[in-house]
Asker: 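Quick one: structure below, then a few questions.
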There are 2 protein chains.
Amino acid sequence: MPLKEEKKIVERSTRQQSAILEVLYGLDEFRSAQEIHALLTKKNLKVGLATVYRTLQKMAEKEDIDAIKSIEGERLYRHCGQNDGHHHHLICSKCGLTITVEGPAIENWTDKVAKENGFSEVSHKVDIYGICKNCKKKSKP
Amino acid sequence: MPLKEEKKIVERSTRQQSAILEVLYGLDEFRSAQEIHALLTKKNLKVGLATVYRTLQKMAEKEDIDAIKSIEGERLYRHCGQNDGHHHHLICSKCGLTITVEGPAIENWTDKVAKENGFSEVSHKVDIYGICKNCKKKSKP
DNA sequence: CCTTTATTGATAACGGTTCTCAATAGTAAC
DNA sequence: GTTACTATTGAGAACCGTTATCAATAAAGG
Ligand SMILES: [Mn+2]
Ligand SMILES: [Mn+2]
Ligand SMILES: [Zn+2]
Ligand SMILES: [Zn+2]
């Protein structure tokens, strides 16, 4: 039995992490790491870009925030509020407005399709892109 | 009226394009541009990497082949055979085996969700990932 | 053939993301 | 408060898939 007890430190909370969370809470659309870094800078919250990348990734892993890939393949993050469970997104490709949606319909469908084909441990990611009412209006003057 | 007739050349078929198609026809899973380039090399079909990227992209635009993004964000291509219309994929994340699936269920659901929220010009991409029967068997010895 | 110009390919450039590693700063123990 | 430990940070390099460059090549049509 060693004199030194085993260490128990698991996690440390830092100024940078709170800053990133603060920005996330103020968003109602998905944003990239770089955009979030820019928003931090604008708020005079100095956080290194690498830290932003790392922190967002970690938060997404823990499912504290949501992550999606834009059409162009960029990773985007958002804190989807109230909602703690499995859900999907309806995203305006013009302004980024994001609406959280859920429905047993696709859940059932994907499960059925997977089962019919002998697949197990299935996961899916369904995000719908379109033009929101507002943006539609703007483009037709 | 000009002396020179207007040119009508739209497209030229090349050795490289046929080579790429040849490889595509031999696949039953999605492959990246780099993988396809490697397969070409293995077959002693010399095609530049840039050409592979360009050609796959062009074919995907014309919807002659299918394109998806892997979980890691890499662009993958496949010739999905017989099927010319809108469809989805059930993909084994172990071996890449890909099964083409369709169903009005999600089509209706996405349309409904979009309409309910005032979105127009909606598009969706639904790919389901899981473990196929074969790979499941292998992992349980 | 000859002309026109789409296509190719080696390579550089690009953009998002991850890695490196020394400096910084939470945390628990003293 | 001080100390010891080490998670976390940050500036920049490295990475990796992809796209842009641009001179050389080679289809298509006459
Ligand atoms: Mn779902
Ligand atoms: Mn569909
Ligand atoms: Zn919008
Ligand atoms: Zn499999």
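Reckoned from all heavy atoms, side chains included, excluding hydrogens, waters and symmetry mates. Numbers restart at 1 for each chain; the letters A, B, ... are given by sequence-line order, proteins then strands.
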Asker: Check this one for me: any side-chain N or O of A:S32 less than 4.0 Å away from OP1 or OP2 of C:dT17?
Answerer: no
Asker: Measuring to OP1 and OP2 of C:dT24, would you say a side-chain N or O of A:R12 lies under 4.0 angstrom away?
Answerer: no
Asker: Write down the distance between CD1 (B:I71) and C1' (C:dT17), rounded to a whole number of angstrom.
Answerer: 17 Å
Asker: With a 4.0 Å cut-off, would you call B:K112 and B:E107 a salt bridge?
Answerer: no
Asker: Which whole-number value in Å describes the distance from B:L56 CG to D:dG17 C1'?
Answerer: 13 Å
Asker: Would you say A:F30 and A:I65 are hydrophobically clustered, going by side-chain heavy atoms of ILVMFWY under 4.5 Å?
Answerer: no
Asker: Taking CD from B:E35 and C1' from D:dC16, how many angstroms apart are they, rounded to a whole number?
Answerer: 14 Å
Asker: At less than 4.0 Å, is any side-chain N or O atom of A:Q16 found next to OP1 or OP2 of D:dG10? Yes or no.
Answerer: yes
Asker: Work out which heavy atom in A:S32 is nearest to a heavy atom in A:L76; give both atom names and the distance.
Answerer: N-CD2, 3.6 Å
Asker: What's touching nucleotides 10-12 of chain C from the protein side, N or O pairs under 3.5 Å?
Answerer:
none

Asker: Using a cut-off of less than 4.0 Å, is there contact between a side-chain N or O of A:Q34 and OP1 or OP2 of C:dG16?
Answerer: yes
Asker: Roughly how many Å is it from CD in B:E72 to C1' in D:dC15, rounded to a whole number?
Answerer: 15 Å
Asker: Could you tell me the separation between the CG atom of A:L90 and the CD atom of B:E116, rounded to the nearest 0.5 Å?
Answerer: 10.0 Å
Asker: In whole angstroms, how far is the P atom of D:dC5 from the CD atom of A:E11?
Answerer: 23 Å
Asker: Decide side-chain contact (heavy atoms from CB on, under 4.5 Å) for B:C132 and B:C95; before the verdict, give the C-alpha distance in whole Å, the side-chain angles of both, and the deciding distance to 0.1 Å.
Answerer: CA-CA 8 Å; B:C132 79; B:C95 68; 3.9 Å; yes
Asker: Classify A:K69 by what it touches in the nucleic acid, base, sugar-phosphate, or nothing, heavy-atom distance under 4.0 Å.
Answerer: nothing
Asker: Does D:dT19 have OP1 or OP2 under 4.0 Å away from a side-chain N or O of B:Y53?
Answerer: no
Asker: For D:dG10, does either OP1 or OP2 sit under 4.0 Å from a side-chain N or O belonging to A:T51?
Answerer: yes
Asker: Does a side-chain N-to-carboxylate-O contact under 4.0 Å join B:R31 and B:E74?
Answerer: no
Asker: For B:R31 and D:dG17, give me the distance from atom CZ to atom C1', rounded to whole Å.
Answerer: 17 Å
Asker: Which residue, B:L76 or B:S13, contacts DNA chain D at a nucleotide closer to its 5' end, judged by nearest heavy atom?
Answerer: B:L76
Asker: Can you check whether A:R15 has a side-chain N or O nearer than 4.0 Å to OP1 or OP2 of D:dG10?
Answerer: yes
Asker: Picking from D:dT18, C:dT7, D:dC5, which would you name as closest to the side chain of B:K58?
Answerer: C:dT7
Asker: CE of B:M59 versus C1' of C:dT7: gap in Å, rounded?
Answerer: 13 Å
Asker: Would you say C:dG26 has OP1 or OP2 under 4.0 Å from some side-chain N or O of A:Q17?
Answerer: no
Asker: Whole angstrom is fine here: how far is it from CG in B:L45 over to C1' in C:dG9?
Answerer: 16 Å
Asker: What pair of heavy atoms forms the shortest contact from A:I128 to B:W109, and how long is it?
Answerer: CD1-CZ3, 4.0 Å
Asker: So, B:D64 versus B:H79: side-chain donor-acceptor pair below 3.5 Å or not?
Answerer: no
